Number of protein chains: 2
Amino acid sequence: MADISTRKVNPLFLREEELRQGIELLFYAYRDFTEVADQMLAQYNFGRAHHRVIYFVSRNPGITVSDLLSILKITKQSLSRVLGQLVREGFIEQKTGVQDRRQRLLTLTEKGEALERELTEQQRALIAAAYREAGAESVEGFRKVMMGMMDEKDRKRFEDDGPGGLRRRAG
Amino acid sequence: MADISTRKVNPLFLREEELRQGIELLFYAYRDFTEVADQMLAQYNFGRAHHRVIYFVSRNPGITVSDLLSILKITKQSLSRVLGQLVREGFIEQKTGVQDRRQRLLTLTEKGEALERELTEQQRALIAAAYREAGAESVEGFRKVMMGMMDEKDRKRFEDDGPGGLRRRAG
DNA sequence: TCCGTTATGTCAGTTATATTGACACATTAA
DNA sequence: TTAATGTGTCAATATAACTGACATAACGGA
């Protein structure tokens with residue numbers, strides 16, 4: 001009953017333990033979400049850094065190095081190591097920009113596309129199963145909570161799309 | 001309208017793009033979620049490894065070193081560096097086990113508890129804001145999707161609790 | 001055309017977090 | 001007594017990130 005009165009005091013249901021549970025939900029879900037791709041990456045001697053580069057180049061074909069840097073929020077020296085490997089091993093292509101010839105526009109090669117599909121497929125399958133199990137309404141709730149957690153700027157990447165809507169812009 | 005007809009074709013709403021969006025929601029939300037604690041950790045010259053140790057010791061007072069290792073899934077040499085720092089700087093206490101005197105039971109000191117609260121508070125605040133914005137129904141949807149993504153074993157940590165229910169067991 | 005800025009890349013050194021392997025010590029249990 | 005267990009430590013290595021400094025080519029405005 002102490003519990004009930006506490007709830008009355010806090011009608012926003014933001015009790016300590018519920019929030020803690022939220023932390024742990026995120027922790028475990030994210031851990032398992034990344035794990036499925038990690039196993040595959042290890043086979044190529046790649047890490048998560050490589051995956052992120054492949055993923056965002058896939059989402060934004062022709063992206064410049066500096067735009068990629070601002071998405072990943074790492075230094076160019078860090079990106080250089082990873083990107084260099086991916087280019088050398090034929091997963092990513094660099095083309096000189098047409099308007100601005102200083103730019104190196106990045107795209108996946110066929111080999112890169114194949115790896116990207118392979119990697120993301122694991123994660124898509126995991127999310128698909130979770131979505132299916134939870135139902136459409138829950139998915140909408142999930143979307144709302146996730147958007148509320150990310151910073152204003154990144155939120156805009158999703159807000160343009162209506163509920164369940166498709167992306168129209170680069171990632 | 002092309003959009004609407006597409007939906008009819010796939011009543012399970014598991015379209016490629018929706019799943020991809022799920023991947024990105026997770027990526028951005030988790031990135032910002034960890035960022036808030038990272039900033040505070042940096043002030044103590046600690047990293048995420050320290051945070052994890054503090055967190056799990058907090059959730060499992062009196063845990064043994066080997067049990068902690070099996071939660072964290074790292075080697076004892078790795079743990080040693082981090083744990084040693086935390087003990088030396090007075091955030092964690094080691095007590096010799098009573099039944100088995102080989103064991104070193106780990107608990108947070110008051111100083112450790114204070115840091116734990118401080119760290120978690122940032123993350124709780126972020127989740128609280130997201131929950132508040134999204135509403136109670138969305139939170140329930142979020143819970144369902146997250147649980148669907150984690151492996152069977154970890155899911156049980158949460159399933160015991162009813163909708164919006166409180167935790168009854170250690171994390 | 002000259003010059004400052006931008007986009008990219010690279011060299012060198014450092015830090016944080018993890019690894020494997022080997023070994024030591026105290027305690028427990030067979 | 002001896003083997004196994006729980007813990008700790010030394011040493012070498014890997015990785016993914018960092019800062020700082022500098023180089024090159026191309027752009028753009030005065």
Side-chain angles (χ1 to χ4, degrees), chain A residues 31 34-35 37-39 41-57 60 62-89 92-107, chain B residues 27 30-31 34-35 37-57 60 62-89 92-107 119:
Chain A
R31 193 190 58 181
T34 50
E35 201 179 5
D38 284 352
Q39 288 165 0
L41 287 160
Q43 293 172 9
Y44 289 84
N45 274 311
F46 288 158
R48 284 189 199 167
H50 300 83
H51 190 181
R52 288 195 289 269
V53 169
I54 287 174
Y55 184 82
F56 285 108
V57 169
N60 308 278
I63 191 175
T64 65
V65 170
S66 55
D67 283 351
L68 183 55
L69 281 173
S70 70
I71 288 179
L72 297 174
K73 291 184 188 171
I74 58 175
T75 59
K76 62 178 175 174
Q77 295 90 328
S78 295
L79 175 59
S80 174
R81 176 182 53 84
V82 171
L83 184 56
Q85 262 180 285
L86 291 169
V87 169
R88 254 179 278 117
E89 298 183 27
I92 288 185
E93 250 182 356
Q94 296 173 301
K95 286 178 218 157
T96 299
V98 266
Q99 300 113 331
D100 188 334
R101 287 165 40 78
R102 289 171 303 180
Q103 294 176 337
R104 298 285 169 271
L105 309 182
L106 307 173
T107 48
Chain B
F27 173 80
Y30 196 78
R31 191 190 57 181
T34 51
E35 200 178 6
D38 285 352
Q39 287 166 0
M40 181 146 308
L41 287 160
Q43 293 171 9
Y44 290 85
N45 274 311
F46 288 158
R48 285 191 198 167
H50 301 83
H51 190 180
R52 287 196 291 270
V53 169
I54 287 175
Y55 185 82
F56 285 108
V57 170
N60 307 278
I63 191 173
T64 65
V65 170
S66 54
D67 283 351
L68 183 55
L69 282 174
S70 69
I71 288 180
L72 297 175
K73 292 184 189 170
I74 57 174
T75 59
K76 63 176 175 177
Q77 294 92 327
S78 293
L79 176 58
S80 175
R81 175 184 54 87
V82 172
L83 184 56
Q85 264 180 284
L86 291 169
V87 169
R88 255 178 278 117
E89 298 182 27
I92 287 185
E93 248 182 356
Q94 296 173 301
K95 287 177 217 158
T96 299
V98 267
Q99 301 112 329
D100 188 335
R101 287 163 41 78
R102 289 170 301 182
Q103 294 176 336
R104 298 285 170 271
L105 309 182
L106 307 173
T107 49
L119 287 168

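All values below were derived from every heavy atom in this structure, side-chain atoms included, with hydrogens, water molecules and symmetry-related copies excluded. Keep in mind that what you see is a predicted model, and the values were worked out from it rather than measured.
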I92(B) CD1 - dG8(D) C1' separation (whole Å): 16 Å
OP1 or OP2 of dT8(C) under 4.0 Å from side-chain N/O of S66(A): yes
Side-chain N,O (S78(B)) to OP1/OP2 (dT19(C)) below 4.0 Å: yes
d(CG, N45(A); P, dA16(D)) in whole Å: 9 Å
Heavy-atom pair of closest approach, residues I92(A) and L83(A): CD1-CD1, 4.0 Å
Nearest-neighbour nucleotide for the Q103(A) side chain, dA16(D), dA7(C), dT19(D) considered: dA7(C)
Closest contact, heavy atoms only, N45(B) versus Q85(B): O-NE2, 4.2 Å
Heavy-atom pair with the smallest gap, counting every atom of M40(B) and Y44(B): O-CD1, 3.4 Å
Letter per nucleotide, 5' to 3', of nucleotides 10-15 of chain C [B base touched, S only sugar-phosphate touched, - untouched; heavy atoms, 4.0 Å]: BB----
Summary of protein contacts for nucleotides 24-30 of chain D, nucleotide by nucleotide, where a base hit scores B, a sugar-phosphate-only hit scores S (4.0 Å, heavy atoms): --BS---
Phosphate OP1/OP2 of dA7(C): any T64(A) side-chain N/O under 4.0 Å: no
Minimum heavy-atom distance L119(B)-A37(B), with the two atoms named: CD2-O, 3.8 Å
Length of the CZ-P vector between R81(A) and dG9(C), whole Å: 15 Å
Closest listed nucleotide, where the reference is the side chain of A49(A) and the choices are dT8(C), dA17(D), dT7(D): dA17(D)
Atom of A49(B), atom of V82(B) and distance for their closest heavy-atom approach: CB-CG2, 3.8 Å
Student check: side-chain heavy atoms of Q94(A) and L106(A) closer than 4.5 Å: yes
Interatomic distance, I63(B) CD1 vs dG6(D) P [rounded to whole Å]: 14 Å
Between C1' of dT7(D) and CG of D67(B), the distance in whole Å: 13 Å
Protein-nucleotide distance (L105(A), atom CG; dT6(C), atom P), rounded to Å: 19 Å
Touch class at under 4.0 angstrom, heavy-atom based, for Q94(B) against every strand present: sugar-phosphate
4.5 Å side-chain heavy-atom contact, H50(B) and L86(B): yes
Interatomic distance where NZ belongs to K73(A) and P belongs to dA17(D) [whole Å]: 15 Å
Candidate list I54(B), V53(B), N60(B), test side-chain contact (heavy atoms from CB on, under 4.5 Å), partner V57(B), passing option: V53(B)
d(CG, L69(B); C1', dT19(C)) in whole Å: 14 Å
Where T96(A) and R101(A) come nearest, the two heavy atoms and their spacing: CG2-O, 3.3 Å
